[in-house]
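Just so we're clear, the structure is a prediction, and the values are computed from it rather than from any experiment. Below, chains carry the letters A, B, ... as their sequence lines are ordered, and counting in each starts from 1. All values below come from the heavy atoms of this structure, side chains included, with hydrogens, waters and symmetry mates left out.
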2 protein chains.
Amino acid sequence: MGKFNALVVHGGAPTAVMNASLYGAVREAGKHGEIEHFYAAVGGSGAILRERFLDLKTVPDELVSLLPATPASAIGTSRDALEAGDYAAIARILQKHNIRHVFFNGGNGTMDTCGKVYRACREAGAPVQVIGIPKTIDNDIAVTDHAPGYGSAARYIAGTVSEISQDVRSLPIHVCIVETMGRNCGWITAASALARTGCGDGPDLIYLPERPFDPRRFLEDVERLHREKGGVLVAASEGLRDLGGNPIVEPVVRIGRAAYYGDVGSHLSNLVIRELGIKARSEKPGIGGRASIAFQSPLDCAEAEEAGRRAVRAAWDGQTGVMVGLRRISDSPYRTEDILVPIEQVMLRERTMPDEFISPEGNDVTPAFLQWCRPLLGGPLRRFVSFRQLL
Amino acid sequence: MGKFNALVVHGGAPTAVMNASLYGAVREAGKHGEIEHFYAAVGGSGAILRERFLDLKTVPDELVSLLPATPASAIGTSRDALEAGDYAAIARILQKHNIRHVFFNGGNGTMDTCGKVYRACREAGAPVQVIGIPKTIDNDIAVTDHAPGYGSAARYIAGTVSEISQDVRSLPIHVCIVETMGRNCGWITAASALARTGCGDGPDLIYLPERPFDPRRFLEDVERLHREKGGVLVAASEGLRDLGGNPIVEPVVRIGRAAYYGDVGSHLSNLVIRELGIKARSEKPGIGGRASIAFQSPLDCAEAEEAGRRAVRAAWDGQTGVMVGLRRISDSPYRTEDILVPIEQVMLRERTMPDEFISPEGNDVTPAFLQWCRPLLGGPLRRFVSFRQLL
């Protein structure tokens, strides 16, 4: 089939291992002399329309080697909203540049774009194979057991909550709320439970967006735990909603159709101070949690790299309109098998936590969740003396 | 002088290396068979009055070995407010338990307690030597060049801001405010400048509590930088005050004499959204920043351990009423010399940043600060591909 070009595109918010997938794709493509230019769309899907391409084959090997340990997206990313006519235009641009393999590395929105570009190429009769690489800290992509990016976000929140809990136990004068990412899905918030080691550390209460938040029960639980333990640690999703399905925080600002909401963490800590008269504070690691290389899960990094490699191999094997994914075979020992998922099955579907992972009271996770999540951290957290272990 | 006992007390909020000083003290005391029990006051200075002591000599060596990498305070800590009569009571309790060496590991409040216990013992004619070990993430202890705990807090904020800046540059759709600890002193906030590598990464603006905050100039700077760069990253102290000296955030709740203020980060991001119509968000690592072992500065950890050892040696040498400290000899190569500071010189004095470390515009630091601070990080931050380096 002669020489041709390939293109990789990053979409949506970064993860700690997005560049590991990029690294895997670059290295795998490097095995094939037929791929003349391995382009990156610089700055996300809109960059295809602007034909802003960087040939990754020209990047010094020394820099390519650093990609797996590089946070965010080394080639830029975006939340570009493409319009109906854009997909046919993209199909034309791909043909113009002799691009036959296209890789979309992203979450649900990006998989939607991936599917639409795939359809546009098919409709145009363009000889382009389009493959999705899953990427999200939120773990809300359908069908695949989990997505690269999640394991590192989970390790970050477990590790950080573990450290914060040592602080809260050793200076037991307050209630501390850690606000966690994941507006509609509790996967990251839930992972805070892995901070528990059996020595009384880790979070005391975990609030997921999959369950309506009842402030009355929250205050009862906090008051009781404060009486029993002194310091209380709460992990709370940024997206908590009340019994009526509305965000528990008021919109601070509305500009046009966009609403900007206050922080759930500070809302809850203010509630504790006001209603219970107990000192409280909140922490919001936020973007720090998706950009942390120190808490990168080694398993997540390896799986992300392999997802990039598998995407290139899938295209090479003639596949198109699919996303690479994993099916869980067993939790312990952790085993998965590779799958290819038809892109229609993942486009814009959002996977929330199943009921069997959420405690009946709605303020914790179940052992089944811990068993499912633990291997994704890629090894135990750093070992230290848990507070009360000396005492 | 026969057998006697020693006591170590932790005070105030934890740091990432507080337990490293504890480790140094335990190991140094272990050299002296004359010290029969090496007690810890479990839960801070109030525990002396309650005679709640743990003999650290009975702790398994395997756990002691983990102390330097253990966040928070392994023996508990407090913000106990002692009363005038408590110091004489403490002097009596120390004599009752044959405690001749006392070590207070803490910040300004704890050094005040340390000095008062020293005076009470002297007045009671008690044969007790009282030594201070500096500890604070805020770096606001007087006379010593810096305090153990600060280097790790500085490394955390530099590393975290570095990673967040990669995220903000690669998805350049917003203004991001990182709220930093240090209510009255900008030392931690200032260290965010060490995230800059010369590739356009790191913070664009740095606001310290040492300078009044002018929202009009802030908005002008943000608007200009957003136009030039797309993503804008701001490091802002939690303690910013306006031109009249009042906190820039309103108290959310007042309970009795205590006022609980809103978050500076979310206040500033809301200001940007409302006044400029630019998307903005805020992050607040908070307690995570003082408990992080991943960002523990190796130099800070070593200096903290050595401070613990020196305190024990100072007591052994007959010193009392002093705090161990460091004098800077040179920045590059980094060299210090050990000093002993009369405790009166540090009691409740707060050291803010000097003018020569703050830029004339009040929204950044100076090269002199970078030169002073850089060695305290204990080595370069993790290497990765800076955004735009490939492009």
Side-chain angles (χ1 to χ4, degrees), chain A residues 13-14 19 40 42 54 56 59 63 66-67 69-79 159-160 163-164 166-173 176 252-253 255 258 260 262-263 265-266 270 273-274 277 281-288 290-295 382-385 387 389-391, chain B residues 13-14 19 40 42 54 56 59 63 66-67 69-79 159-160 163-164 166-173 176 252-253 255 260 262-263 265-266 270 273-274 277 279 281-288 290-295 382-385 387 389-391:
Chain A
N19 293 318
V42 177
L54 162 76
L56 292 166
V59 172
L63 290 181
L66 288 174
L67 284 176
T70 292
S73 168
I75 59 172
T77 179
S78 72
R79 289 204 180 104
T160 300
E163 292 180 330
I164 290 175
Q166 301 305 311
D167 192 297
V168 171
R169 307 289 179 225
S170 70
L171 182 65
I173 53 170
C176 177
V252 181
V253 194
I255 295 181
Y260 294 87
D263 294 329
S266 82
N270 290 340
I273 296 168
R274 207 165 43 222
R281 54 169 295 144
S282 64
E283 327 300 326
K284 184 190 174 192
I287 290 180
R290 71 186 188 209
S292 170
I293 295 300
F295 279 112
R382 197 183 282 268
R383 191 156 167 248
F384 48 66
V385 186
F387 186 64
Q389 216 176 339
L390 297 191
L391 313 183
Chain B
N19 294 317
V42 177
L54 163 77
L56 292 167
V59 172
L63 290 181
L66 287 173
L67 284 176
T70 292
S73 167
I75 57 172
T77 179
S78 72
R79 290 206 178 102
T160 299
E163 292 181 329
I164 290 176
Q166 301 303 310
D167 193 297
V168 172
R169 306 288 180 225
S170 71
L171 182 66
I173 55 171
C176 178
V252 180
V253 194
I255 294 182
Y260 294 86
D263 294 330
S266 82
N270 290 339
I273 296 169
R274 208 166 42 225
K279 193 173 171 185
R281 55 169 293 143
S282 63
E283 328 299 325
K284 183 190 173 194
I287 290 181
R290 71 187 187 207
S292 171
I293 296 300
F295 279 111
R382 197 181 282 268
R383 191 159 165 246
F384 49 65
V385 186
F387 187 65
Q389 214 177 339
L390 297 191
L391 312 183

Check: Does A:Ala72 offer a backbone N or O that forms a donor-acceptor pair with the side chain of A:Asn19 under 3.5 Å?
Finding: yes
Notebook entry, point to check: Using non-hydrogen atoms only, which part of A:Val42 is less than 4.5 Å away from chain B: side chain, backbone, both, or neither?
Noted result: side chain
Notebook entry, point to check: What part of A:Arg382 is in contact with chain B, defined as an atom under 4.5 angstrom from a non-hydrogen atom: side chain, backbone, both or neither?
Noted result: side chain
Next item on the list: Can you tell which part of B:Asp167 gets under 4.5 Å to a heavy atom of chain A, answering side chain, backbone, both or neither?
Entry: both
Checklist line | Check: A:Gly265 main-chain N/O paired with A:Lys284 side-chain donor or acceptor under 3.5 Å | finding: no
Next item on the list: Pick whichever of B:Gly159, B:Pro71, B:Pro172, B:Ser170 has the most heavy-atom pairs under 4.5 Å with chain A.
Entry: B:Ser170
Check: So which part of A:Leu171 gets closer than 4.5 Å to some heavy atom of chain B, the side chain, the backbone, both or neither?
Finding: both
Next item on the list: Please flag which part of A:Arg290 lies under 4.5 Å from any non-hydrogen atom of chain B: side chain, backbone, both or neither.
Entry: side chain
Notebook entry, point to check: So, does A:Gln166 use its side chain to make a donor-acceptor pair with the main chain of A:Phe387 at under 3.5 Å?
Noted result: yes
Next item on the list: Name the member of A:Leu391, A:Ile273, A:Asp263, A:Ile75 that forms the most heavy-atom pairs with chain B at distances under 4.5 Å.
Entry: A:Ile273
Checklist line | Interface residue of largest heavy-atom contact number with chain A, from B:Ala40, B:Ala69, B:Ser73, under 4.5 Å | finding: B:Ser73
Notebook entry, point to check: Which one of A:Gly262, A:Gly277, A:Ser282 has the most heavy-atom pairs closer than 4.5 Å to chain B?
Noted result: A:Ser282
Next item on the list: Let me know if A:Ala13 has heavy atoms under 4.5 Å from chain B in its side chain, its backbone, both or neither.
Entry: both
Note to self: Please classify the contact of A:Arg281 with chain B as side chain, backbone, both or neither, using a heavy-atom distance under 4.5 Å.
What the structure shows: side chain
Notebook entry, point to check: If you count heavy-atom pairs under 4.5 Å with chain B, which of A:Gln389, A:Arg274, A:Arg383 comes out on top?
Noted result: A:Arg383
Check: Quick one: of B:Val59, B:Thr160, B:Ile293, who has the most non-hydrogen atom pairs under 4.5 Å with chain A?
Finding: B:Ile293
Margin query: Does any part of the side chain of A:Val252, heavy atoms only, come nearer than 4.5 Å to the side chain of B:Ser266, both counted from C-beta?
Written below: no
Notebook entry, point to check: A:Asn270 versus chain B, heavy atoms under 4.5 Å apart: side chain, backbone, both or neither?
Noted result: both
Next item on the list: Grab the two heavy atoms, one from B:Glu283 and one from B:Cys176, that are nearest each other, plus how far apart they are.
Entry: OE2-SG, 3.5 Å
Next item on the list: Could you tell me whether the side chain of B:Thr70 and the main chain of B:Leu66 form a donor-acceptor pair under 3.5 Å?
Entry: yes
Check: Between A:Leu63 and B:Val385, what is the shortest heavy-atom contact and its length?
Finding: O-CG2, 3.4 Å
